[in-house]
Amino acid sequence: MDAYYPTSSAEYQAHVLIAEGVWWNPEIGPVDIGLCAAYAALSRYVKGEDLYLPPRNSSELQSILRSYSDHVINSLFSQIRSWARSDYRTPAAYATAREQCAKSLRAILSQSNAISKLIDLHSPPVTPVYPVTALDKDDETTTTAFEPTTASQEIRSR
């Protein structure tokens with residue numbers, strides 16, 4: 001994660017702030033929640049958590065990251081309902097958190113080769129396809145599964 005969000009980044013700092021004080025720190029606001037959601041979404045993707053279909057292109061990657069970040073934002077806002085500050089429980093606060101998260105993720109994805117590196121991170125390995133060979137019992141000749149046998153070869157094999 002240091003390649004994307006170093007420990008000096010605002011996203012990492014917000015993640016630590018929320019992880020340590022989500023229940024008691026009244027200074028945590030929608031911007032902090034958005035920054036934390038960006039960090040958590042990218043961390044979840046890098047670890048491969050709940051990634052059943054790896055992305056094939058940038059729009060699928062962005063969709064996965066948006067879904068992960070929405071989960072974090074919803075979770076954090078549900079945890080701060082008991083806070084005395086009612087201004088955090090408004091649609092504007094939710095929109096601010098989503099906007100901050102999207103801005104942070106866009107900054108990461110706009111770096112050179114970031115999208116291709118993230119997509120390649122969970123791509124299935126490329127395996128070469130080899131033809132299957134079969135050995136005839138009678139005349140010890142090999143035929144590949146990709147070559148059709150002719151009628152004369154069928155008669156000789158009997």
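All heavy atoms count here, side chains included; hydrogens, waters and symmetry mates do not.
Between the CG atom of Leu105 and the CD atom of Gln100 there is a distance of 10.0 Å, given to the nearest 0.5 Å. We find the OG-NZ distance between Ser112 and Lys117 to be 6.5 Å, quoted to the nearest 0.5 Å. Taking CG from Asn74 and CG from Asp70, the interatomic distance works out to 6.0 Å, rounded to the nearest 0.5 Å.
At a threshold of 4.5 Å between non-hydrogen side-chain atoms, the residues Leu118 and Val46 count as touching. Between Ser58 and Leu109, every side-chain heavy-atom pair lies at or beyond the 4.5 Å cut-off. Inter-residue side-chain proximity for Gln62 and Arg106 is flagged as unmet; no heavy-atom pair is nearer than 4.5 Å. In this structure the side chain of Tyr68 never reaches within 4.5 angstrom of the side chain of Leu42, judged on heavy atoms.
A donor-acceptor distance shorter than 3.5 angstrom exists from the side chain of Gln13 to the backbone of Thr7, with no hydrogens or angles considered. In terms of modelled atom types and a separation under 3.5 Å, the side chain of Ser104 and the main chain of Cys101 share no donor-acceptor contact. In this structure, Asn113 contributes its side chain and Ser116 its backbone to no donor-acceptor pair below 3.5 Å. Between the side chain of Thr96 and the backbone N or O of Ala92, at least one donor-acceptor pair lies under 3.5 Å.
By the criterion of side-chain heavy atoms lying less than 4.5 angstrom apart, applied directly or through intervening Ile, Leu, Val, Met, Phe, Trp or Tyr residues, Met1 is not grouped with Leu35; the two fall into different hydrophobic clusters. A continuous path of Ile, Leu, Val, Met, Phe, Trp and Tyr side chains, each step under 4.5 Å between heavy atoms, connects Tyr5 with Ile64, placing both in one hydrophobic cluster. Residue Val31 is not grouped with residue Phe77 when hydrophobic side chains (ILVMFWY) are merged at heavy-atom distances under 4.5 angstrom, including chains of intermediate members. Cluster membership check: Leu51 shares its hydrophobic cluster with Ile115, using side-chain heavy-atom separations under 4.5 Å among Ile, Leu, Val, Met, Phe, Trp and Tyr. No chain of hydrophobic side-chain contacts below 4.5 Å, direct or via other Ile, Leu, Val, Met, Phe, Trp or Tyr residues, connects Val16 to Ile33.
Around atom CD of Glu99, no more than 12 heavy atoms belonging to other residues, nucleotides or ligands sit under 6.0 Å away.
Scanning all heavy atoms of the two residues, the minimum distance from Ile28 to Gly21 falls at CD1-O, 3.5 Å. Here the shortest heavy-atom pairing between Ala37 and Ser69 reads CB-O, 3.9 Å. Nearest approach of Tyr12 to Tyr39, heavy atoms of both residues: CD1-OH, 3.6 Å. Closest non-hydrogen pair, Ala14 versus Asp32, comes out as CB-O, 3.5 Å. Heavy-atom minimum distance, His122 versus Gly48: CE1-CA, 3.6 Å. In terms of heavy-atom proximity, Tyr45 sits nearest to Pro55 at OH-CG, 3.4 Å.
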**Study point:** Stepwise side chain to side chain contact (heavy atoms under 4.5 Å, CB included) check, Ser123 with Asp120
**Key:** CA-CA 5 Å; Ser123 299; Asp120 291 344; 3.9 Å; yes
